[in-house]
Amino acid sequence: MTTPSAVAWTPDLQAVDQLKLIIGSTFSSNNVERNAANESLVLAKSQPQIENYLLYILVMDESAKSDVRAASGINLKNIISRSSSGSPETHQFILDNIAHGLTSHDNMVRNTTGNVITALFSKYGLAGWPQVLPSLVNLAKSADPTAADTKIADAAMSALAKICEDSHYKLNVELEGERPLDYLMASFIELLESCSNRVKALSIECIDYFIPHRSQSVLVVLDVFLQKLFQLAHNSNKDVKKSVCKAFASVLEARGDKLLPHVDGVITYCLHLMEDEDEEVALEACEFLLALSTSPEVEQNPEIFRGRLHDVLPALLEKMVYSEEEIFFMNLVDEKDDATVADNEEDIRPQAAKSKESHKAASKSGNKNNSYDDNDDSDDEDFEDDSDDDSELDQWSIRKCSAACLDVLSLNLQSEVLEVTLPILQERIVSSHKSCMELSRDKLPTLVPFLVDRLQDDEPRVRQITCWTISRFSSWVAEEAHEGGHYSSYFDPTFTSILKCALDRKKVVQEAACSALSSFIEETDPTLIEMYLVPLLQHFAKCFSTYQRKNLIILYDCVQTFVEAMGHERLAAKQEYVEVLLPPLLHKWELLDDNDTALWPLLECMASIAATLGELFAPYAMPVYGRAVNILTNTIHTDLQSQTDPSIDLPEKDFMVTSLDLIDGLIQGFGSHSLELIQSNRINLMELVLQCFEDSTDDVRQSAYALLGDLAIFVLDATVVPYLNQIMVCIGNEINTRNFNSYPVYNNAIWSLGEICMRLSYEQLKPYLANLVSLLIPVLNSMDTPQTVLENAAICLGRMGLHGGAEVVGPRLPEFIVQWCAHMLYLMDDSEKETGFKGMLNTIASNPDQGFGGLSTLQGKKNLSTFISTVANYFEPPEDLKHSFSQLLQSYSGLLGENFNTQVLNHLDQESRRSLYEMYGI
């Protein structure tokens, strides 16, 4: 990498002094002086070379005060970050000199310099600023073991860590025939020997950012990295200890096979750190145990934990105990926790929109936000959501982490966990109803009635935690009732008791009971819930009239779960069901302003209801659609204004996300009839969707592409086709600029593309086909892409052959057929898999010899064998597809003669051979 020559620039010192005076005055306590200074600063920012002047004050002007230098750097960073234009040459003076700020003796200057460096790298990347990484690495290596001060090395390492955190996907590339990540990994490994603990800790974190990518640059140093971690486990510095624990968890997730041979020692290490006086260190150690308990390795081989339960479980139980301070605080909260008292705005945690799971295609869309995103019902997340949610108590802590870990272990190793924990609990729990040893003998048949009794306890925290505990056994209670088991009579008293608690006088109990109710609805066969349908609907109505703002969020989720579980047919059985269900929701809908964040969960709930009820929602559809479109329009408009007018605050993008989801729910519910809904509104929906495709927020684009796919399914000609060129450009850009974090977005883009491809004629699709194939093949062949994306890419490539696209896709088939087969092999048998295969058969038929890379070659025959193996494992294809498979097999059998058996079928395993013979006589 070549380093450009330094750019000479000399400031006007009078201008420097004037700018320092302005910046210093922005801190004035005098409002008039401060406002005047801010206005002058705005004017100054429009002057040429202002960035150079700000850089000069930050890095070179030792006479300036610390706060003025830091403020100069912050303004410089903001200008760089917000500017959409410019090239490395325009900022060459800054690029050449910014690193000098890391050598300053002023801590504020060093920290601010690191932030500016991060902004510059985000803007220009390696291609525009190749010298930055060697410069930072060299500074980080400059720590002198004989000197007490390692601040320069620490500052440089901090800047490197910020770059790795913000731009790790930009570093995992090839540049001018080199892989910069190879150089970085080797440097970070070397820096683990630094005399600075700060440098060591940050070096671990830097490597940690790249482990999830599983790139070759990381994998080749992974064994060395682990050995270094084991050596650093003896380090007493808290930052090093925290980083070591985080790294162990990352290695476990990415390459568990590498860590498992050492896992016993790592468990011992983490148990030791759980007693650390630093709470953050103890929490990181506990989080590794939680990660280990939920890992696929432990699920497949519980023996990993079984031998250590006598060490792990007492430690977890010890950390689960409430402190005296927490108990005191809980008592204070409970005294004021009255269901009739309105929630304070500051007591309500911000909520983000949930991912929609209304139909199978949407389930491939991934989750929209990590805050309440995962719909995988993971036990540790449930515990966090359902347990104590009171201001200071609702933060993630070692107590909650320990409880979550114990929860997971109790599911995977039930009898062993009970055997170890019950004697400990027996010493600590005093119950006048039943002893722990009695519970251990009868297990759930005795435990569930005991818990139902506890729902009547005078202490609200007992009722709250009991609701959560009962929810953990909802599957057993529901299974007994559905299958007519010996304990089938348990369902009614358990379910009705939970219902009663959902209207408890204490809000914390309401919340836990409502969450437990969702668990029971999810776990119970719908035919059983149907018996409680009217009481449930009436119960929801009462809850809507009594719940305060915070618990309404839980209630919306519960109603959404209920509606999806019941389905259209059950709710359509009687008109009164809809008449009881919808009015309370519509009442809340009418009460809330368009800019109220409480609309987010309500919009999500309404989206699910609209999708499920379909035509039953018709009386309410027009105004609901109209308002959703208005909210979306206004938010987009405000967002555009805020980009040019700094006095306008950025809008909350969740208004866009939830509006898009509600519109999508209506499209799903009304199907082809939704066109009337779309055309009834003067605002053009597709123009709004196209604007959303350009939004910088991933969640917005993700929802927009989910909506696009449903528009393609139901109203393609009227909505998608007129804007086809713009849509294809947006989809192409989304796939082309994909990164590790944006996979839910380009996953939806690929899914929607597949829905479009299977409905367009060849003439409509032809102008875009070659480019799209070129974009999708690298996705399908990539090694670090989530499985759901790979499946959608395979289906999409297959569908491109449905209506004549085979002549474009066919010549490229050898490039991806093996990976295509690998990702189609275990897909659920459904219409998406079916259409993908039908299109692929057309593509193969267009060039039967060369499609697999030439049947005269060994590789070509292996590719054909791979495809036939995939056919053999398609166990229940529709009759027309089965007939097509049979024709293909007969065709290749005739084409290759005896070689078909000896050189193609012989590559198949016995089960696949048996399946081929039974289904196709081959």
Side-chain angles (χ1 to χ4, degrees), residues 361 364 705 708-713 716-717 720-721 723-736 738 746-782 785 788-825 827 830-848 850-853 863 866-867 870-871 874 877 880-881 884-885 888:
K364 293 188 177 184
Y705 283 114
L708 173 65
D710 286 318
L711 290 171
I713 291 171
L716 176 95
D717 291 335
V720 176
V721 171
Y723 298 89
L724 190 59
N725 186 65
Q726 293 163 269
I727 289 170
M728 289 302 188
V729 169
C730 290
I731 290 175
N733 288 337
E734 198 68 61
I735 301 172
N736 192 43
R738 68 189 188 277
Y746 70 85
N747 181 45
N748 274 10
I750 292 171
W751 169 74
S752 63
L753 175 61
E755 296 298 333
I756 293 171
C757 287
M758 70 177 290
R759 291 170 173 84
L760 289 179
S761 68
Y762 176 59
E763 290 304 316
Q764 290 172 308
L765 191 59
K766 184 178 180 180
Y768 317 102
L769 206 53
N771 286 336
L772 291 171
V773 171
S774 294
L775 288 171
L776 286 174
I777 289 175
V779 174
L780 195 65
N781 290 332
S782 61
T785 300
T788 179
V789 180
L790 298 172
E791 292 170 0
N792 276 331
I795 291 169
C796 187
L797 278 166
R799 285 174 167 179
M800 286 177 173
L802 282 171
H803 304 302
E807 66 181 55
V808 176
V809 183
R812 307 290 301 274
L813 200 59
E815 298 176 42
F816 68 87
I817 187 60
V818 173
Q819 289 300 319
W820 189 91
C821 292
H823 301 307
M824 294 291 286
L825 184 60
L827 274 183
D830 60 9
S831 61
E832 293 188 347
K833 181 175 180 178
E834 176 187 344
T835 53
F837 266 100
K838 285 182 176 178
M840 183 53 67
L841 288 175
N842 289 346
T843 300
I844 293 169
S846 69
N847 197 346
Q850 296 303 315
F852 292 104
N863 289 347
T866 300
F867 182 77
T870 311
V871 169
Y874 198 144
D880 59 337
L881 183 58
S884 297
F885 283 154
L888 175 134

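These numbers were taken from a predicted model, which means no experiment stands behind them.
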Check your understanding: Tell me, do Leu760 and Val721 make a side-chain contact under 4.5 Å, heavy atoms counted?
Key -> yes

Review point. Side-chain contact, heavy-atom cut-off 4.5 Å: Met728 with Ile756?
Key: yes

Exercise for review: Could you give me the CA-CA distance, side-chain angles and deciding distance for Ile713 and Arg759, then say whether side chain to side chain contact (heavy atoms under 4.5 Å, CB included) is met?
Suggested key: CA-CA 8 Å; Ile713 291 171; Arg759 291 170 173 84; 3.7 Å; yes

Exercise for review: Drop me the distance from Leu716's CG to Leu711's CG, to the nearest 0.5 angstrom.
Suggested key: 9.0 Å

Check your understanding: Which distance, rounded to the nearest 0.5 Å, do you find between the OG of Ser752 and the CG of Asn792?
Key -> 9.5 Å

Review point. Side chains of Ile731 and Tyr705: does their closest heavy-atom pair fall under 4.5 Å?
Key: yes

Practice item. Output, in order, the C-alpha distance, side-chain angles, deciding distance and verdict of side chain to side chain contact (heavy atoms under 4.5 Å, CB included) for Tyr723 and Leu708. Key: CA-CA 11 Å; Tyr723 298 89; Leu708 173 65; over 6 Å; no

Point to revise | Non-hydrogen side-chain atoms of Leu841 and Phe867 separated by less than 4.5 Å | key: yes

**Study point:** Residue pair Lys833 / Pro877, side-chain heavy-atom distance below 4.5 Å
**Key:** no

Exercise for review: With sequence neighbours left out, write down each residue that passes ring-ring contact (aromatic ring centres under 6.0 Å, His included) with Phe816, or none if nothing qualifies.
Suggested key: none

Exercise for review: Please list, chain by chain and in numerical order, all residues satisfying ring-ring contact (aromatic ring centres under 6.0 Å, His included) with Phe837, sequence neighbours excluded.
Suggested key: Trp820, Tyr874, Phe885

Practice item. Taking the side chain as every heavy atom from C-beta outward, state whether Ile750 and Ile735 have any pair of such atoms under 4.5 Å apart. Key: yes

Check your understanding: Which residues pass the side-chain hydrogen bond (donor to acceptor under 3.5 Å, both in side chains) test with Asn863, sequence neighbours left out?
Key -> Gln859

Give the table of side-chain donor-acceptor pairs shorter than 3.5 Å for residues 793-803, with sequence neighbours excluded, one pair per line with atom names and distance.
unit_1	atom_1	unit_2	atom_2	d
Arg799	NE	Thr835	OG1	2.9
Arg799	NH1	Gly754	O	3.4
Arg799	NH1	Glu755	OE2	3.1
Arg799	NH2	Thr835	OG1	3.3
His803	NE2	Met758	O	2.8

Practice item. For Phe852 and Pro814, work out which heavy atoms get closest and say how close. Key: C-CG, 4.3 Å

Check your understanding: In Å, rounded to the nearest 0.5 Å, how long is the span from CD1 of Ile777 to OG of Ser782?
Key -> 12.5 Å

Review point. Taking only residues two or more places apart in sequence, or in another chain, which ones meet Lys838 in a side-chain hydrogen bond (donor to acceptor under 3.5 Å, both in side chains)?
Key: Glu834, Asp880

Residues 764-771 side chain polar contacts: donor-acceptor under 3.5 Å, at least two apart:
unit_1	atom_1	unit_2	atom_2	d
Gln764	OE1	Ser761	N	2.9
Gln764	OE1	Ser761	OG	3.2

Exercise for review: Measure the spacing between CG of Asn781 and CG of Leu776 and express it to the nearest 0.5 Å.
Suggested key: 11.0 Å

Point to revise | Thr866 versus Thr870, closest heavy-atom pair with distance | key: O-OG1, 2.9 Å

Review point. Leu813 versus Asn847: any side-chain heavy-atom pair under 4.5 Å?
Key: no

Exercise for review: Quick one: closest heavy-atom pair of Gly810 and Ser846, and the distance?
Suggested key: CA-OG, 4.5 Å

